[in-house]
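Here is the structure we will look at, set down as structure tokens.
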Amino acid sequence: LLNRENITVFDVGTGLMFIYKNIMGGLAVNHLSGPGLSGNGTSGQRLQRKLLVHISADMGIRKWSGLKLIPAAFFEMQGDYHSFAAGAVAESNYLSVSGMVISGNSGGIDCQAGFSVKFERMALYYSYRFNVVPENQVTPFSLVHQAGLNFSFINVEKRIRGRTINAPDM
């Protein structure tokens, strides 16, 4: 088990995201520096690199309604552990609701559900992961609660739009 003392270590990760029309995908690699977990500088336990591949599609249900359905999936691998997840997000202008099923090679199945509410340049989110099929008798029913606020301070629209002058017919 990990030491209960708080430690700070240097870690590096990187990733790429690809967008083509309404399809998005990405690849991320974390723990490139292989940080040690002991905190004393020895080469004891080290975090192994984590690979994450994800894909999703943005499908508008009806253009006039502003509703979107976004199916999503990911695969992650770290050492001998790997997991796969699939789910979807239903999104409107101010509210989004999501659900995902996650399974790993350890045999357990988790479900994660969440929502997000947007107000102008601020969003409030909450998600909850619970264990449906335990991988062992120790795993609790409730695994993770996540809540938070997201603030957007500036508009980062960077697309270049060309402007042309239409010459009059001569």
Following the transitive rule for hydrophobic clusters with a side-chain heavy-atom cut-off under 4.5 Å over Ile, Leu, Val, Met, Phe, Trp and Tyr, establish whether [X] and [Y] coincide in one cluster.
X    : Y    : value
F74  : I23  : no
F115 : L149 : yes
V29  : F10  : yes
V132 : V101 : yes
M59  : I70  : no

Nearest atoms (heavy-atom pairs only) where [X] meets [Y]:
X   : Y   : answer
G34 : R46 : O-NH1, 2.5 Å
V12 : S33 : N-OG, 3.7 Å
H31 : Q48 : CD2-O, 3.5 Å
L27 : L51 : CD1-CD1, 3.1 Å

Mind checking the [atom1]-[atom2] spacing from [X] to [Y]? Nearest 0.5 Å is all I need.
X    : Y    : atom1 : atom2 : result
D110 : S83  : CG    : OG    : 9.0 Å
L67  : S96  : CG    : OG    : 12.0 Å
R129 : M100 : CZ    : CE    : 9.5 Å
I102 : C111 : CD1   : SG    : 8.0 Å
H82  : E76  : NE2   : CD    : 10.5 Å
N30  : Q78  : CG    : CD    : 8.5 Å

With a 6.0 Å cut-off (strictly less than), is the heavy-atom count around [atom1] of [X], excluding the residue itself, greater than 12?
X    : atom1 : value
D80  : CG    : no
Y94  : OH    : no
M24  : CE    : yes
K118 : NZ    : yes

**Q.** Pairs flagged by salt bridge (charged side-chain N to carboxylate O under 4.0 Å, His left out) wherever residues 93-104 is involved - sequence neighbours left out
**A.** none
Q. Within the distance-only criterion (no hydrogens, no angle test), does the side chain of N22 pair as donor or acceptor with the backbone N or O of A57 below 3.5 angstrom?
A. no
(Q) In this structure, is the centre-to-centre distance between the rings of Y128 and F130 below 6.0 Å? (A) yes
